[in-house]
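Notes follow once the structure below has been shown.
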Amino acid sequence: MLPSQELEPLGDLLAARGESLCLVEASAGGALQAALSLAPGASRWFHGGIVAYHDSIKTGWLGLDERVLIEHGAVSTAAVEAMGAAALARCGAHWVLVESGVYGPSGGSPEKPVGLVYLHVAHRAGWRQTSRLQLGGDRAALRVAVTLEAAKLLIRQLRATGGGANLK
């Protein structure tokens, strides 16, 4: 678990803008939500999220089209973008962050090796970005690395969009 000071800039930026965040974790098992909720004042900007570990949660609760999973798999650009759109429509937050990856030690393939992670960040004004990362380490190390990378990605986007004028 990351120390809360690593995540404080994220909360400070969101709180200063009066904006909020919702998470969808497809592989991290709640690690991102646990880390973010440790930050002081998190209730001002963190709405919560869903751990959509099993495909039935992705298709049922999030409404992800089963064809996306069949054609692309849960660890894909198509899946994280679709889950992000669904979460934005349902959670009421300004921002959504979606994570999906292969944490191992098994389950990897040549096309999707262990350590492959997709992060998707979107704002309800229509702005969005998806990143594909290849990280190293065991399951525990990957969860910490993904939490840090996700926070850094969102912090960069919050700083780049300033007061929200650059979101469209």
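Atom set for the values below is all heavy atoms of this structure, side chains included, hydrogens, waters and symmetry mates excluded.
Taking all atoms of both residues into account, the shortest heavy-atom contact from Ala79 to Ala74 is CB-O, 3.4 Å. The nearest pair of heavy atoms linking Gly49 to Cys22 is CA-SG, 4.2 Å. Scanning both residues, Leu135 and Ala145, for their nearest heavy atoms gives CD1-CB, 4.1 Å. The two atoms that bring Leu88 and Ala93 nearest to each other are CD2-O, 3.8 Å, heavy atoms only. Taking every heavy atom of both residues into account, Leu64 and Ala82 meet most closely at CD1-CB, 3.2 Å.
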Val121 vs Val96, test: side-chain contact (heavy atoms from CB on, under 4.5 Å). Steps then yes/no. CA-CA 6 Å; Val121 177; Val96 67; over 6 Å; no

Audit row: Val98, Leu119, side-chain contact (heavy atoms from CB on, under 4.5 Å) steps and yes/no: CA-CA 6 Å; Val98 181; Leu119 296 173; over 6 Å; no

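Sequence neighbours left out, the pairs with a member in residues 77-96 that pass salt bridge (Lys or Arg N to Asp or Glu O under 4.0 Å) are Glu81-Arg128. Within the structure, salt bridge (Lys or Arg N to Asp or Glu O under 4.0 Å) pairs that include any residue of residues 47-57 comprise Asp55-Lys58 (at least two apart or interchain). Identified under the salt bridge (Lys or Arg N to Asp or Glu O under 4.0 Å) test for residues 91-104, with sequence neighbours left out: none. The salt bridge (Lys or Arg N to Asp or Glu O under 4.0 Å) pairs that include a residue from residues 20-32 number zero, where partners must be two or more places apart or lie in different chains.
With sequence neighbours excluded, the residues satisfying salt bridge (Lys or Arg N to Asp or Glu O under 4.0 Å) with Asp65 are Arg67. Under the side-chain hydrogen bond (donor to acceptor under 3.5 Å, both in side chains) criterion, Arg139 pairs with Tyr53, sequence neighbours left out. Partners of Glu149 under the side-chain hydrogen bond (donor to acceptor under 3.5 Å, both in side chains) rule, at least two apart in sequence or in another chain, are Lys152. Residues satisfying the side-chain hydrogen bond (donor to acceptor under 3.5 Å, both in side chains) criterion with Arg132, sequence neighbours excluded, are Tyr118. The side-chain hydrogen bond (donor to acceptor under 3.5 Å, both in side chains) search around Gln129 returns Gln157, not counting sequence neighbours. Considering only residues two or more places apart in sequence or on other chains, Ser109 meets the side chain to side chain contact (heavy atoms under 4.5 Å, CB included) condition with Glu111, Lys112. The side chain to side chain contact (heavy atoms under 4.5 Å, CB included) test applied to Val114 returns Val102, Leu142, not counting sequence neighbours. Residues passing the side chain to side chain contact (heavy atoms under 4.5 Å, CB included) test with Ala78, sequence neighbours excluded: Val68, His72, Ser76.
Side-chain contact between Ser131 and Leu153 is present, with heavy atoms from C-beta onward closer than 4.5 Å. Contact of the Ile57 side chain with the Ile50 side chain is registered, since non-hydrogen atoms from C-beta on lie closer than 4.5 Å. No side-chain heavy atom of Asp12 sits less than 4.5 Å from a side-chain heavy atom of Trp45. You'll find the side chain of Leu69 reaches within 4.5 Å of the side chain of Thr59, heavy atoms only.
Judged purely by atom type and a 3.5 angstrom limit, Arg143 uses its side chain to pair as donor or acceptor with the backbone of Ala28.
Between Ser100 atom OG and Met83 atom CE the span is 5.0 Å, to the nearest 0.5 Å. Leu13 contributes atom CG, which lies 8.5 Å from atom CG of Leu154 (distance to the nearest 0.5 angstrom). Between atom CD of residue Gln33 and atom CG of residue Leu97 there is a gap of 10.0 Å, rounded to the nearest 0.5 Å. Atom CG of Leu23 is separated from atom CG of Leu32 by 6.0 Å, given to the nearest 0.5 angstrom. In this structure, CZ in Phe46 is found 11.0 Å from CG in Leu14, a value given to the nearest 0.5 Å. From Leu36, atom CG reaches atom CG of Leu21 across 6.5 Å, with rounding to the nearest 0.5 Å.
If you chain together hydrophobic residues whose side chains sit under 4.5 Å apart, Val51 and Tyr103 never meet in one group.
Just one of Arg124, His123, Arg17, His47 meets the side-chain hydrogen bond (donor to acceptor under 3.5 Å, both in side chains) condition when paired with His94; it is Arg124.
A 6.0 Å sphere centred on CD of Glu66 holds no more than 12 heavy atoms belonging to other residues, nucleotides or ligands.
A side-chain N or O of Glu19 and one of Trp95 form a donor-acceptor pair less than 3.5 Å apart.
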